[in-house]
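The chains referred to below are lettered A, B, ... by the order of the sequence lines, with proteins before strands, and numbering in each begins at 1. Source: prediction; values computed, not measured.
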Number of protein chains: 2
Amino acid sequence: MKDAHRSGCPINLTLEILGDRWSLIVLRDMMFGNRRHFRELLTRSDEGIASNILADRLKRLMEEGLISRADDPSHKQKGLYSLTEMGISLVPVFAAMGTWGRRFLPVSEELSIRAELLERGGPAIWEDFMAELRAMHLGMPAPERSVFAELRKAYEDVMAAKAVP
Amino acid sequence: MKDAHRSGCPINLTLEILGDRWSLIVLRDMMFGNRRHFRELLTRSDEGIASNILADRLKRLMEEGLISRADDPSHKQKGLYSLTEMGISLVPVFAAMGTWGRRFLPVSEELSIRAELLERGGPAIWEDFMAELRAMHLGMPAPERSVFAELRKAYEDVMAAKAVP
DNA sequence: ATATAGTAGTTGCGTATTGCAAGCAGTTGA
DNA sequence: TCAACTGCTTGCAATACGCAACTACTATAT
């Protein structure tokens, strides 16, 4: 942000913003887990982010324009973080990374079911999901189809199948 | 690699391997710039990677299975790095990142022309490009179409247009 | 044979980032 | 009033990064 860019290559510029171990984790939880508050992002993350890292990443992602912050009317000290269009537009990147990870890395079934759904649905489901995210985060009118609900149901079905084998 | 994973989420596992500022830069140069030797990757990179970082990344990417190394027959000390199928399969990830970066970040025209081509061509061109990479890096039979040549020509055309305005 | 340039790295060292544990100040609800 | 909850901040140690110099070997030219 402050100092000059290493180069004008799109891959490089993307890495300058997202090229660390936590930024995409935070965005993933906001996007797929609908976590909008600091505490939710802090404690309900599978990976266990530290609070100072989370504070720093939220600040940087705001500076870069991927998320925004508003006061939560229900609690004066509570902030509500939202994805911007820039953040929502990362859906295809997440889909591509999920597809690659599922193919080559030792993923767990319950945590990769969403990636599988996004892979099978292709660009059509990504568009529907982004439309829904725009409704949830930007106040746009809600689309009929709820990909979010489909993703959650798929996850819960896997968990239920594991619990009762 | 050595210690346990933070979680089995595909996004997280991908970030554990590629979530830093340099790994994808190295892979990008191997993939789109056809840089196969240490010196090429070191000096012909727009971003200017340090030699110790490059050595470390090449080692880690080999350990993770994204690249392989062979002795270059023309020079006993020269190593030849190749992409594996795991590395080649990152093409859609690069394409998605390139599309996103081109839309939201201050990319330069000459360095984003390749991303634009990959975006316009869609999955069909990605497949052709991956087939060509398999020929260049894995010894598979070469496809008729050379996406690599198309990417290079597009870059050279932009540079020529800039030189003679 | 000797010199020169090129090969792939390694080493030292200072700075920046990360990770962990604890603490802080304001807010809410009982 | 007070405990629990809110979004952070601080201190400190470990790790990673970045730069410059340097090593060791190989090929080539004279």
Does B/Arg69 make a cation-pi contact with B/Tyr81, if we ask for NZ or CZ under 6.0 Å from the ring centre and within 45° of the axis?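 Yes, a cation-pi geometry.
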Face-on cation placement of A/Arg28 at A/Phe94 ring, 6.0 Å and 45° thresholds: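 Not satisfied by the 6.0 Å and 45° rule.
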Provide, to the nearest angstrom, the distance between the [atom1] atom belonging to [X] and the [atom2] atom belonging to [N].
X	N	atom1	atom2	result
A/Arg6	D/dC19	CZ	P	10 Å
B/Ile53	C/dA8	CD1	P	18 Å
A/Arg69	D/dG7	CZ	C1'	7 Å
A/Trp22	D/dA16	CH2	P	14 Å
A/Asp20	C/dG19	CG	C1'	13 Å
A/Leu54	C/dA21	CG	P	17 Å
A/Glu40	D/dC8	CD	P	14 Å
B/Leu41	C/dT7	CG	P	12 Å

Counting only heavy atoms from other residues, nucleotides and ligands, does the tally under 6.0 Å from CZ of A/Arg152 exceed 12?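 Atom CZ in A/Arg152 is not packed in, count stays at 12 or less.
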5' priority, DNA chain D, between A/Arg39 and A/Arg21 [closest heavy atom]: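 The residue mapped nearer the 5' terminus is A/Arg39.
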Given that B/Arg57 and B/Ser51 both sit by DNA chain D, which one's nearest nucleotide is further toward the 5' end?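 It is B/Arg57, whose closest nucleotide lies nearer the 5' terminus.
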Which of the following nucleotides, D/dC8, C/dT10, D/dG7, is nearest to the side chain of A/Lys78?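 That would be D/dG7.
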Among C/dC20, D/dG18, D/dG7, which nucleotide has an atom closest to any side-chain atom of A/His37?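 That would be D/dG7.
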By nearest heavy atom, map B/Leu58 and A/Gly48 onto DNA chain C; which one lands nearer the 5' end?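 Result of the comparison: B/Leu58.
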Closer to the 5' end of DNA chain C via nearest nucleotide, is it B/Phe38 or B/Asn52?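 Result: B/Phe38.
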May I ask you to decide whether A/Glu109 forms a salt bridge with A/Lys162, counting only side-chain N to carboxylate O separations under 4.0 Å?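 Judged by the 4.0 Å cut-off on N to carboxylate O distance, A/Glu109 and A/Lys162 do form a salt bridge.
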Short side-chain N/O contact from A/Tyr81 to OP1 or OP2 of D/dC8, under 4.0 Å: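 Yes, because at least one side-chain N or O of A/Tyr81 sits under 4.0 Å from OP1 or OP2 of D/dC8.
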Validation row, ring centre A/Tyr155 to ring centre A/Phe32 under 6.0 Å: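 No, the ring of A/Tyr155 stays outside the 6.0 Å limit from the ring of A/Phe32, centre to centre.
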